[in-house]
There are 2 protein chains.
Amino acid sequence: MPRPANPIAPQPQPAAKSSAPRGAARRDCIVDAALVVIGRVGPDALTHRLVAAEAGVPLAATTYWFASKEALILEAFAHAARRDIAQLERETAEAADWTSADAAGHLARSMRASLTEHRTRTVVDYGLWVEAARRPALRPVADAWSRACQAFFATILEAIGGRRSEHDARLLTAAFDGLLMDQLASDHPDDEARLTAVLERLLGAFAG
Amino acid sequence: MPRPANPIAPQPQPAAKSSAPRGAARRDCIVDAALVVIGRVGPDALTHRLVAAEAGVPLAATTYWFASKEALILEAFAHAARRDIAQLERETAEAADWTSADAAGHLARSMRASLTEHRTRTVVDYGLWVEAARRPALRPVADAWSRACQAFFATILEAIGGRRSEHDARLLTAAFDGLLMDQLASDHPDDEARLTAVLERLLGAFAG
DNA sequence: GTCGCTTCGGTACATCTGTACCGAAACTGT
DNA sequence: ACAGTTTCGGTACAGATGTACCGAAGCGAC
């Protein structure tokens, strides 16, 4: 079938893998490739062949390590969540030392990074959210990520002298996520200065 | 080109009714069906056959009215955004009369409805956001929706005596959206009382 | 070495896909 | 009435898809 001109059409990958990993390492490699594909074309447009090409492994390897496409997608999302939760926990440890003066700046830089260097990862994360709305199997994964985010913002709240409130941590999380999603989907994202100003106002509204 | 390059809306139907919609009405019918399909399986898993079955029209009708699957998806998202922006504008008019005492309750009921009766519509809306992150063609649509949301919350802010701040309206919008997305993807969504409490705190942080 | 396992990779196949095609039907203005 | 255009709907088709299959290759225990 002559495929339409798809603006997000997958790029053919040169598959430059000189030393193809073997055994369980290959499984991880396939999961990573699946995440790249999901970031590029979305979970529903993912195909075994796309993933195999991205990972530089033969087609059969994807069906050997995963019972079905469904299982591969689930595992990929779970892997992404695990990885990003671990990263968030590291940032949470750092955030304990933030002050009211620099917290907004730190958050703005973090958001900026999510929009540029880590854009693919960010798109996958929010794709997970929407997908979890459709597939109950993904909801525990989404919930775990949500809890990690709230712990992160609870730490920030404490650092800047906000009240120790579960509601407040949830609202900060929601506002940050909403802002990030908006920036991600916008044609005219803000620069870092403006982002910092908005985040300063947000923290100001919940501090002291 | 065997097909019309530019199908303009034909004249309205005469009084005689038929079971299957014809003409431009059929086009709308296909768009609506596409939205249902997108809500159920996501935009990438949408197929012409799924849409045709949902709309109750022959397969060829979908390719007659839309140049490609891509065009159908774009039109469906644009239609959803237009419809939901119109609804939001109606609610904005109502919100001008809200008071500090009942604003949170109104918002909680609205969120509850988005999670239950209008769940499919909500999933489509947030799917649009994620999809816009991937496809630039959808970003103007996402931006328009974002602006409508901010106007809604700016009105609420004014009604409850908050400061007239662009930042605040954005932050309220982001927090509401983030909260709604979280609820949508969660296995344990809050009941209306808890939702009201959280939203009361949110409005309280930005009022006065 | 031989055995029993996991892993690998090429290929086959039924099914589904987007969309092109074409004759018929319905509608249009005259 | 007529001719011209738009709409309709059944079908055709090449290519993509998920996954089954099967023989070969690795590898640790003996």
Side-chain angles (χ1 to χ4, degrees), chain A residues 1-13 15 17-31 33-34 37-38 41-76, chain B residues 1-31 33-34 37-38 41-76:
Chain A
M1 118 190 80
R3 289 231 113 177
N6 190 332
I8 55 164
Q11 312 290 358
Q13 191 76 0
K17 284 282 185 203
S18 47
S19 59
R22 316 215 120 220
R26 167 173 287 203
R27 194 189 137 100
D28 295 343
C29 184
I30 291 172
V31 172
V37 171
I38 289 176
V41 306
D44 297 318
L46 173 146
T47 70
H48 281 144
R49 285 166 177 84
L50 238 45
V51 173
E54 178 68 36
V57 300
L59 169 64
T62 63
T63 60
Y64 176 74
W65 287 101
F66 298 92
S68 69
K69 178 174 128 168
E70 197 62 22
L72 172 56
I73 293 174
L74 240 65
E75 177 67 27
Chain B
M1 209 50 129
R3 278 179 297 121
N6 196 357
I8 302 296
Q11 304 314 312
Q13 288 292 106
K17 70 181 292 282
S18 61
S19 51
R22 313 217 121 215
R26 168 173 286 200
R27 194 188 137 100
D28 296 342
C29 185
I30 292 172
V31 172
V37 171
I38 289 176
V41 305
D44 297 317
L46 174 146
T47 70
H48 281 145
R49 284 165 177 85
L50 238 46
V51 174
E54 178 69 35
V57 300
L59 168 64
T62 63
T63 61
Y64 175 75
W65 286 101
F66 299 91
S68 68
K69 175 174 129 170
E70 197 60 26
L72 172 56
I73 293 174
L74 240 64
E75 178 68 27

Rounded interatomic separation in angstrom, taking [atom1] from [X] and [atom2] from [N]:
X	N	atom1	atom2	answer
Arg27(A)	dT6(C)	CZ	C1'	15 Å
Lys69(A)	dG18(D)	NZ	P	5 Å
Leu46(B)	dC16(C)	CG	P	17 Å
Asp44(B)	dG18(C)	CG	P	12 Å
Leu59(A)	dA20(D)	CG	C1'	11 Å

N or O in side chain of [X] less than 4.0 angstrom from [N] OP1/OP2:
X	N	value
Trp65(A)	dC8(C)	yes
Arg49(A)	dG10(C)	no
Tyr64(A)	dC8(C)	no
His48(B)	dT19(C)	yes
Arg26(A)	dG9(C)	yes

Original post:
Within a strict 4.5 Å, meaning less than it, do heavy atoms of the Val31(A) and Phe66(A) side chains meet?
Top reply: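 The answer is yes, as the side chains (C-beta and beyond) meet within the 4.5 Å cut-off.
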Original post:
Would a 4.5 Å heavy-atom cut-off, applied to side chains only, mark Val41(A) and Asp44(B) as touching?
Top reply: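 Counting from C-beta outward, Val41(A) and Asp44(B) never come under 4.5 Å.
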Which pair of non-hydrogen atoms, one from [X] and one from [Y], has the smallest distance, and what is that distance?
X	Y	answer
Arg26(B)	Ala61(B)	NH1-CB, 3.8 Å
Leu46(B)	Lys69(B)	O-NZ, 3.1 Å
Ala76(A)	Ala34(A)	CB-CB, 4.0 Å

**OP:** Could you pick out which residue, Ala60(B) or Leu50(B), lies toward the 5' side of DNA chain C when each is mapped onto its nearest nucleotide?
**Re:**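 First, find each residue's nearest nucleotide; the 5'-ward one identifies Leu50(B).
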What is the nucleic acid contact for [X], judged by heavy atoms within less than 4.0 Å: base, sugar-phosphate only, or nothing?
X	value
Thr47(A)	sugar-phosphate
Ala61(B)	nothing
Leu72(A)	nothing

